[in-house]
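Each chain gets a letter, A, B and so on, in the order its sequence line appears, and its residues count up from 1. This is a predicted model, so every value here is computed, not measured. Hydrogens, waters and symmetry mates play no part in the numbers below; they use all other heavy atoms, side chains included.
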There are 2 protein chains.
Amino acid sequence: MSPQKSNLKFAVLATDVALFSLQEGKLKVLLIKAKSKKFLGMPTLPGGLVGPKEKIEKAAERFIKRYTDPKGVYFEQLYTFGDPQRDPGGRVVSVAYLGLVPSAKIADISAESSWVSARMVPSLAYDHNAIVEAALERLRGKLSYTNIIQALFPEEFSLTELQEGYENILGRKLDKRNFRKRILSLGIVKKTEKQRKGEPNRPARIFRFVDNKIKVIEVL
Amino acid sequence: MSPQKSNLKFAVLATDVALFSLQEGKLKVLLIKAKSKKFLGMPTLPGGLVGPKEKIEKAAERFIKRYTDPKGVYFEQLYTFGDPQRDPGGRVVSVAYLGLVPSAKIADISAESSWVSARMVPSLAYDHNAIVEAALERLRGKLSYTNIIQALFPEEFSLTELQEGYENILGRKLDKRNFRKRILSLGIVKKTEKQRKGEPNRPARIFRFVDNKIKVIEVL
DNA sequence: ACAAAAGTGTTAGTGGTACACCCATGC
DNA sequence: GCATGGGTGTACCACTAACACTTTTGT
């Protein structure tokens, strides 16, 4: 509804980002150190206040650009956390985003940031543990009916690496033959002529995604 | 993140509700008349500003209580619309909710409100058409893997009525025998000893939902 | 007796799941 | 030649989808 000049009600508008990447096949989430008085030094998600004329998603990008180039990041609005008590410093409404980035695009890791296993997230400032949980749930759900996993992968990969990605995010093993049959029949990957080399075993064939960096709806 | 006293950035916080009900088997959405200058008299979703210490969902309930008792309504946060340009009167961030209510619980319809077919929504004020679209998409999606349809039904109903509800929301016909087999095998409904009476045809058996007003995850 | 909606089973096809061995390479 | 991970096919089972007639009531 429209603001009525006589009765304006304000809130502080913020955004927080649960940014994930797959590193050596493990799902990681980016944590930084809180700077506010109440939570000083505690791990938190990157985030902060949205400018008066700034799109919320742009602000989300701004808060992670120290850690990775936002251009390479897939963003999706997750949920809005607006409980009047969630920030002890006053009412802050935070629009949380899910972000996914291929590990190759991660910038140098500063001393204030760290990537921790999504399975072992420590206690975070504010309600950020709830944000991480919601993000994981969303990611796991979408894995099954979209090609969202592309946002976590480099351009070239082997089917075993892809399977490990699925397994690590879903938290369960998948059957190798059935997985390959399924992925190939969906037609979302195409094989290249390249092979992995230099490993003491049969070289893996390299694949690429077909509809490059587009996120469509499929079934797994 | 925490507000920093030296650099506060405010937004007007609002909420809008896409409230649906099934009336004679048809999915309807509640529209009211806009009161703001720019959109005076245009149809809009019910909504308005959130109080400084009010939970957003409570505000959403407050804005529909003229039309139905919020206790009987299923609420679910939908999406946050925060484009700096979305309200011509200034920056308003709206947290949109999906609401579902059984038609029996709808209060008297005032002159300023109307229930219109979800398939033929007129042009609405602000970006409210986008909110209705998002709500329909969410509702249709959840129909397939939750028992969310319960939120639109009275306690007692026939299987044909239930099927008509699914059909009208999904926008396609379902096979009667397969539908009944599926619903019964899911175990989400139980039959009662009652029957519909007074119609010039074979009376329908009356059913009830099993796990009353709880929303679990299933498959359709 | 007729109109109108309720109720009921079978079959064919598709997709999911379980499962074990050979292959290509580096050392 | 051995250790390591890569790569491949088949058989069974469960679920889906298509489909038409009989039943019960009111008039």
Pairs involving residues 170-179 of chain A, ordered by first then second residue, that meet salt bridge (Lys or Arg N to Asp or Glu O under 4.0 Å) (sequence neighbours left out): A:E167-A:K173
Return a single string for nucleotides 3-9 of chain D, one symbol per nucleotide in 5' to 3' order, where B is base contact, S is sugar-phosphate-only contact and - is none, cutoff 4.0 angstrom on heavy atoms. BBBBBBB
Please report, rounded to the nearest Å, how far the C1' atom of D:dT16 is from the CZ atom of B:F179. 16 Å
Length of the NZ-C1' vector between B:K191 and C:dA6, whole Å: 13 Å
Salt-bridged, A:E156 to A:R205, with N to O below 4.0 Å? no
Salt-bridge contact A:E112-A:K33 (side-chain N to carboxylate O under 4.0 Å): no
Pairs satisfying salt bridge (Lys or Arg N to Asp or Glu O under 4.0 Å), at least one member in residues 144-153 of chain B, at least two apart: none
Once you round it to whole Å, what is the distance between C1' of C:dG7 and CD of B:Q163? 12 Å
Are A:Y126 and A:F81, when compared by the centres of their aromatic rings, separated by less than 6.0 Å? no
Spacing between B:K173 atom NZ and D:dA18 atom P, to the nearest angstrom: 15 Å
Roughly how far, to the nearest 0.5 Å, is the CG atom of B:L152 from the CG atom of B:L100? 4.5 Å
